[in-house]
Amino acid sequence: MDSTKMMRGIIPGIMAGYVFMAFMGPGMADMVGGMISADALIGFILHIVISAVIGAVYTGVFTEFVQMNNPLLDIAVGGLIYGVIWWIVGGLIVMPAIAGGNILQSSLTDPSLFGHIIFGHVLAFLVVLRNAAMGMDN
């Protein structure tokens, strides 16, 4: 795990988190805040902090294991895999565990699945775009 690479994922993670929240709608901030008995503003802030951490993990850890040597494949496949991982971890395990719901209970038509896939694709796209623009490796 490379801390320099992790730092490179924070801003793309925050940006992808905003896109996720826009896709899911204002109820998402209420839901995240409700997990810790807080309001929507705290839920929004918490979600953005989580998105920054997830972005850092993407660039510091995930890209080390998923290197397809093609930026389009990194975005399409890497973003898909990473989004589905966080849907399972965050949407199907962590959120229900904290909120007292049923763990691993969902369907393939769950809007959260599509939100997490969009998050993964946006995150991967922003990282690939930034790396290309600045001449960086993952």
Side-chain angles (χ1 to χ4, degrees):
M1 183 173 0
D2 184 342
S3 62
T4 303
K5 287 184 178 181
M6 290 185 80
M7 295 296 288
R8 294 179 187 168
I10 292 173
I11 299 299
I14 290 170
M15 295 170 73
Y18 280 119
V19 172
F20 178 90
M21 295 286 283
F23 175 79
M24 294 300 293
M28 184 67 195
D30 286 327
M31 187 177 1
V32 173
M35 289 188 326
I36 58 169
S37 300
D39 63 8
L41 177 61
I42 300 300
F44 173 79
I45 293 168
L46 178 60
H47 190 270
I48 294 304
V49 169
I50 292 167
S51 296
V53 170
I54 291 171
V57 171
Y58 178 80
T59 56
V61 178
F62 185 77
T63 57
E64 294 294 319
F65 296 104
V66 180
Q67 293 181 2
M68 290 168 258
N69 298 318
N70 180 316
L72 294 177
L73 286 176
D74 287 343
I75 293 168
V77 178
L80 173 70
I81 293 168
Y82 200 66
V84 169
I85 288 169
W86 282 106
W87 172 63
I88 294 168
V89 172
L92 299 182
I93 297 173
V94 174
M95 281 189 72
I98 292 172
N102 294 327
I103 295 175
L104 297 174
Q105 297 296 312
S106 189
S107 72
L108 294 179
T109 60
D110 180 2
S112 177
L113 168 61
F114 300 109
H116 282 91
I117 290 172
I118 290 168
F119 174 89
H121 282 132
V122 169
L123 176 62
F125 172 76
L126 291 172
V127 169
V128 166
L129 182 66
R130 189 261 335 272
N131 290 351
M134 299 184 85
M136 291 193 263
D137 292 331
N138 287 333

Notebook entry, point to check: Between CD1 of Ile50 and CG of Leu46, what distance do you get to the nearest 0.5 Å?
Noted result: 4.0 Å
Notebook entry, point to check: Closest heavy-atom contact between Asn70 and Leu72?
Noted result: OD1-N, 2.8 Å
Check: Is any side-chain heavy atom of Val66 closer than 4.5 Å to a side-chain heavy atom of Val77?
Finding: no
Note to self: Strictly distance-based, threshold 3.5 Å: is any side-chain N or O of Asp30 a donor or acceptor partner for the main-chain N or O of Gly33?
What the structure shows: no
Checklist line | 4.5 Å side-chain heavy-atom contact, Thr63 and Tyr58 | finding: yes
Notebook entry, point to check: Does the side chain of Val122 come within less than 4.5 Å of Tyr18's, by heavy atoms?
Noted result: no
Item checked: Sidechain-backbone polar pair: His116 side chain, Ser112 backbone, donor-acceptor under 3.5 Å -> yes
Check: Out of curiosity, does Met7 fall in the hydrophobic cluster containing Val57 (side-chain heavy atoms, cut-off under 4.5 Å, transitive links)?
Finding: yes
Check: More than 12 non-hydrogen atoms from neighbouring residues, nucleotides or ligands closer than 6.0 Å to CE on Met15, yes or no?
Finding: no
Margin query: Starting from Trp86, can I reach Ile93 by hopping between I/L/V/M/F/W/Y residues whose side chains sit under 4.5 Å apart?
Written below: no
Checklist line | CG on Leu126 to CD1 on Ile11, rounded to 0.5 Å | finding: 10.5 Å
Next item on the list: Specify the closest pair of heavy atoms between Ala99 and Met35, including all atoms of both residues, with the distance to one decimal.
Entry: CB-CG, 4.5 Å
Notebook entry, point to check: Hey, does Pro96 have a side-chain heavy atom less than 4.5 Å from the side chain of Ile103?
Noted result: yes
Check: Taking C-beta and beyond as the side chain, do Met28 and Phe23 meet within less than 4.5 Å on heavy atoms?
Finding: no
Margin query: For residues Ile88 and Phe20: do they belong to one hydrophobic cluster (side chain heavy atoms under 4.5 Å, members Ile, Leu, Val, Met, Phe, Trp, Tyr)?
Written below: no
Notebook entry, point to check: Just by distance, do the side chain of Asp74 and the backbone of Met68 share a donor-acceptor pair under 3.5 Å?
Noted result: yes
Item checked: Interatomic spacing from CD1 in Ile36 to CD1 in Ile98 - rounded to 0.5 Å -> 8.5 Å
Margin query: If you compare all heavy atoms of Ile75 against all heavy atoms of Ala124, which two are closest, and at what distance to 0.1 Å?
Written below: CA-CB, 3.7 Å
Next item on the list: Would you indicate whether the side-chain heavy atoms of Leu123 and Pro12 approach each other to under 4.5 Å?
Entry: yes
Next item on the list: Establish whether Leu113 and Leu104 are linked, either directly or via other cluster members, by ILVMFWY side-chain heavy-atom contacts under 4.5 Å.
Entry: yes
Check: Would a 4.5 Å heavy-atom cut-off, applied to side chains only, mark Lys5 and Glu64 as touching?
Finding: yes
Margin query: Show the nearest heavy-atom pair for residues Met21 and Ala29, with the distance to one decimal.
Written below: CE-CB, 3.6 Å
Check: Taking it one step at a time, do Met24 and Met31 satisfy side-chain contact (heavy atoms from CB on, under 4.5 Å)?
Finding: CA-CA 11 Å; Met24 294 300 293; Met31 187 177 1; 5.5 Å; no
Note to self: Check for me, please, whether Val61 and Leu80 land in the same ILVMFWY cluster - side-chain distances under 4.5 Å, paths through other members count.
What the structure shows: no
Margin query: Restricting to non-hydrogen atoms, name the atom on Gly43 and the atom on Val32 that form the minimum distance, rounded to 0.1 Å.
Written below: O-CG1, 3.5 Å
Note to self: Using a 3.5 Å distance criterion without hydrogens, assess whether the side chain of Arg130 forms a donor-acceptor pair with backbone atoms of Arg8.
What the structure shows: yes
Checklist line | Contact check, side chains of Asp110 and Trp87, non-hydrogen atoms, under 4.5 Å | finding: yes
